[in-house]
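Here the structure is a predicted model, which is why all the values come from computation and not from measurement.
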Amino acid sequence: MSTKIHFRDYNPKQMILFPQRLDKDIAENDPVRVVDTVIDNLRLNNFKRLYKERGRSPYHPRMMLKAVIYGYMNNLYSCRKIETALKRDIHFIWLAGYEQPDFNTINRFRNRVKEEINQVFTQLVVVLAEKGFITLDVEYIDGTKIESKANKYTFVWRKSTEKNRARLIEKIKALLDQIDDAIAQENAEEENRRSFTPAQLMDIADELNRSLEEGPNPGTDGQKEERKERKKQIRQLREHAGKLGEYDEKLRILGERNSYSKTDHDATFMRMKEDAMNNGQTKPGYNLQIGTENQFILDFGLFQTPGDPLTMIPFYNSFHSRYGRLPNTGVADSGYGSEENYRFMEEAGIEAYVKYNWFHREQRMHYEPNPFSVQALYYNADGDYYVCPMGQHMERVGTTHAKTESGYVSESARYKAMRCEGCPLRGSCFTAKGDRIIEVNHRLNEYRRKAHERLTSEDGIRLRGRRCIEPEAVFGQMKYDMAYKRFRHFGLDKVNMDFAFFAIAFNLKKMCSKKAKKA
């Protein structure tokens with residue numbers, strides 16, 4: 001005997017298909033509810049001044065902020081993908097109240113709030129501190145290179161620009177020497193005493209052209225040939241002036257940098273770890289510095305210099321401008337262990353757990369320092385002299401000064417051995433001619449000694465172990481879990497804006513994760 005099968009009713013074209021409450025199918029602990037609650041409690045008063053009072057009523061900035069941040073939390077960094085999600089995803093539909101701004105509107109909103117979004121990030125970090133997720137007392141600092149959207153083959157290098165500009169100056173001088181006109185000679189004598197400018201060269205060309213036009217018409221073939229040659233020289237002078245203007249503009253854009261991209265003038269060519277060809281290829285990008293605590297991003301900064309030492313002081317100044325104070329403890333790797341940074345942290349009252357160059361070597365089980373290295377030589381502080389491995393005194397003979405790119409001046413003392421000729425250890429000690437001379441930065445050595453004491457203490461061992469799972473873990477989650485490996489905007493201001501949105505989304509996602517684990 002066969003039984004009749006009864007299926008559930010299926011009618012996708014019924015008049016009332018969705019429930020009366022759209023959030024019926026959204027869990028109570030879903031991250032979208034956290035985003036909705038947190039952003040509703042943030043102060044967005046500054047957003048109102050970004051809109052005009054007349055015209056069509058814009059979308060509410062709070063709704064737009066929720067949609068963009070929740071998109072970033074779900075690895076949606078494209079405005080078109082966020083627009084699609086606002087029409088298809090029930091979480092986005094509920095969060096936006098069924099508003100459906102298009103991708104152009106979303107993009108304009110991001111660009112409109114590029115100044116205020118940093119304040120939103122700061123507010124969120126303060127909320128995290130109030131909730132007990134962070135303390136703002138300890139900051140773990142590290143940096144990474146993020147590739148720019150710029151074309152990696154449209155580069156400008158300082159050395160080639162300066163070399164080509166110098167060659168052009170020589171061509172201009174040779175061209176002015178060929179012009180025997182009184183105007184050109186008078187201007188050339190002035191220019192030999194100072195550098196050429198494109199405007200001055202154009203003035204010379206205009207005066208030469210004016211004198212040529214006001215002169216008598218050529219009668220003989222020789223005069224015609226001379227007039228033709230003079231016009232050619234004027235044309236070349238104008239071309240050189242235009243080319244000189246291009247080189248000067250390139251040097252202005254470079255500033256203190258060594259390179260930039262033609263499609264993104266703010267991006268500098270740097271060596272990236274994510275090199276598919278494994279050939280050390282440089283790519284246009286930015287040096288991203290972040291400070292973390294409990295794997296939350298406390299602060300961030302984007303720099304155009306590839307190295308890390310010069311970024312620490314501006315980064316701490318950024319922290320102070322955000323929160324009105326500095327952290328009590330700073331933890332960083334050896335890339336930040338410079339005299340300038342140690343001195344700043346000591347004067348600012350920050351307890352520095354910052355490694356120096358050879359700290360890792362000193363922690364090895366079978367480490368034995370080179371007996372001929374400067375660090376291994378005995379120093380007599382009272383007599384201010386060093387003792388070489390043969391027992392000879394190395395007296396102080398002078399002082400040298402070195403200036404960093406930021407303008408900081410460091411001082412090193414020079415010590416010279418009295419007589420190294422015939423020493424049996426000379427081949428192992430040093431190989432240069434004459435007597436051995438060493439340079440010692442006593443202030444930096446004292447900072448390193450204090451850093452070694454802190455790093456090898458109980459707190460130092462704990463903080464060193466914690467540093468490996470703080471910024472490094474954040475970078476890993478950022479690049480591989482959230483697929484944020486490349487910027488999608490041109491210009492430093494827009495890149496800052498984009499990462500501010502990402503940092504807000506990252507912190508909210510981390511807060512949801514920790515709340516879920518605690519539950």
Check against ring pair (Phe, Tyr, Trp, His ring centres under 6.0 Å), Tyr72 and Tyr77: CA-CA 6 Å; Tyr72 276 58; Tyr77 310 113; 5.1 Å; yes

Any side-chain heavy-atom pair of Met511 and Asn507 under 4.5 Å: no

Heavy-atom side-chain contact between Asp137 and Arg325 under 4.5 Å: yes

Heavy-atom side-chain proximity of His442 to Tyr379 below 4.5 angstrom: yes

Spacing of Asp264 atom CG and Lys262 atom NZ [to the nearest 0.5 Å]: 14.5 Å

Step-by-step side chain to side chain contact (heavy atoms under 4.5 Å, CB included) determination, Arg454 to Arg464: CA-CA 10 Å; Arg454 294 195 193 98; Arg464 278 194 287 135; over 6 Å; no

Arg419 atom CZ: more than 12 heavy-atom contacts under 6.0 Å: no

Derivation and outcome, side chain to side chain contact (heavy atoms under 4.5 Å, CB included), residues Val156 and His265: CA-CA 9 Å; Val156 175; His265 292 173; over 6 Å; no

Criterion side chain to side chain donor-acceptor pair (under 3.5 Å) on Tyr408 and Glu339, from CA distance to verdict: CA-CA 9 Å; Tyr408 180 82; Glu339 177 190 348; 2.9 Å; yes

Full working for salt bridge (Lys or Arg N to Asp or Glu O under 4.0 Å) between Arg252 and Glu249: CA-CA 5 Å; Arg252 185 193 67 79; Glu249 178 64 14; 2.6 Å; yes

Ring geometry between Phe155 and Trp157 (parallel below 30°, tilted from 30 to 60°, perpendicular above 60°): tilted

Pairwise distance NZ(Lys159) to OG1(Thr161) - rounded to 0.5 angstrom: 12.5 Å

Between Tyr316 and Glu139, a side-chain donor and acceptor under 3.5 Å: no

Closest non-hydrogen atom pair between Glu362 and His452, with its separation: OE1-CD2, 3.3 Å

Derivation of the side chain to side chain contact (heavy atoms under 4.5 Å, CB included) call for Asp248 and Leu244: CA-CA 6 Å; Asp248 290 344; Leu244 182 63; 3.9 Å; yes

Side-chain touch Tyr140/Ile469, heavy atoms, less than 4.5 angstrom: no

Residue pair Cys420 / Gly434: nearest heavy atoms and the distance that separates them: CB-O, 4.3 Å

Test: Arg167 and Glu170 ion pair at under 4.0 Å: no

Test salt bridge (charged side-chain N to carboxylate O under 4.0 Å, His left out) applied to Glu130 - qualifying residues, sequence neighbours left out: none

Candidate list Glu472, Glu470, Arg467, test side chain to side chain donor-acceptor pair (under 3.5 Å), partner Thr292, passing option: Glu470

Exercise: do Gln477 and Lys509 side chains pair donor with acceptor under 3.5 Å: no

Over all atoms of both residues, closest heavy-atom pair of Tyr336 and Asn341: O-ND2, 2.9 Å

Aromatic plane relationship, Trp358 with Tyr356 - under 30° parallel, 30 to 60° tilted, over 60° perpendicular: perpendicular

Thr135 and Glu293 side chains, donor-acceptor separation under 3.5 Å: yes

Asn328 and Glu351: side chain donor to acceptor below 3.5 Å: no

Any side-chain heavy-atom pair of Met390 and Pro424 under 4.5 Å: yes

Minimum-distance pair of heavy atoms, taken over all atoms of Val440 and Tyr386: CG1-OH, 3.2 Å

His240 NE2 to Ile169 CD1 distance, which is reported to the nearest 0.5 Å: 10.0 Å

Close side-chain approach of Asn380 to Tyr378, heavy-atom, < 4.5 Å: yes

Inter-residue atom distance Glu340.CD - Thr404.OG1, 0.5 Å rounding: 4.5 Å

Atom NZ of Lys494 with >12 non-hydrogen neighbours under 6.0 angstrom: no

Side-chain donor-acceptor contact under 3.5 Å, Gln304 with Thr268: no

Heavy atoms of other groups near Glu368 CD, more than 12 under 6.0 Å: no

Salt bridge (charged side-chain N to carboxylate O under 4.0 Å, His left out), paired with Glu439, selected from Lys416, Arg396, Arg414: Arg414

Contact summary for Phe487 and Leu302, nearest pair of heavy atoms: CZ-CD2, 3.7 Å

Phe300 and Phe121 aromatic ring geometry - parallel, tilted or perpendicular at 30°/60° bounds: perpendicular

Side chain to side chain, Arg238 and Ile234, heavy atoms closer than 4.5 Å: yes

Arg343/Glu347 ion pair, N-O < 4.0 Å: yes

Side chain to side chain contact (heavy atoms under 4.5 Å, CB included) partner of Met345, the single match among Thr329, Val354, Leu326: Val354

Test salt bridge (Lys or Arg N to Asp or Glu O under 4.0 Å) applied to Arg449 and Glu446, step by step: CA-CA 5 Å; Arg449 185 190 65 78; Glu446 179 62 19; 2.5 Å; yes

Within-4.5 Å side-chain heavy-atom neighbours: Glu229 and Lys232: yes

Smallest separation among heavy atoms of Ile297 and Val125, with atom names: O-CG2, 3.7 Å

Nearest-0.5 Å distance, CZ of residue Phe319 to CG of residue Leu136: 5.0 Å

Side chain to side chain donor-acceptor pair (under 3.5 Å) between Asp384 and Tyr415, intermediate numbers included: CA-CA 9 Å; Asp384 192 16; Tyr415 297 88; 2.5 Å; yes

Parallel, tilted or perpendicular: rings of Phe506 and Phe502 (30°, 60°): tilted

Tyr447 versus Asn441, side-chain donor and acceptor atoms under 3.5 Å: no

Steps toward side chain to side chain contact (heavy atoms under 4.5 Å, CB included) verdict (Phe359, Thr456): CA-CA 10 Å; Phe359 177 78; Thr456 53; 4.2 Å; yes

Value rounded to 0.5 Å, distance of NZ in Lys243 from CZ in Arg165: 13.5 Å

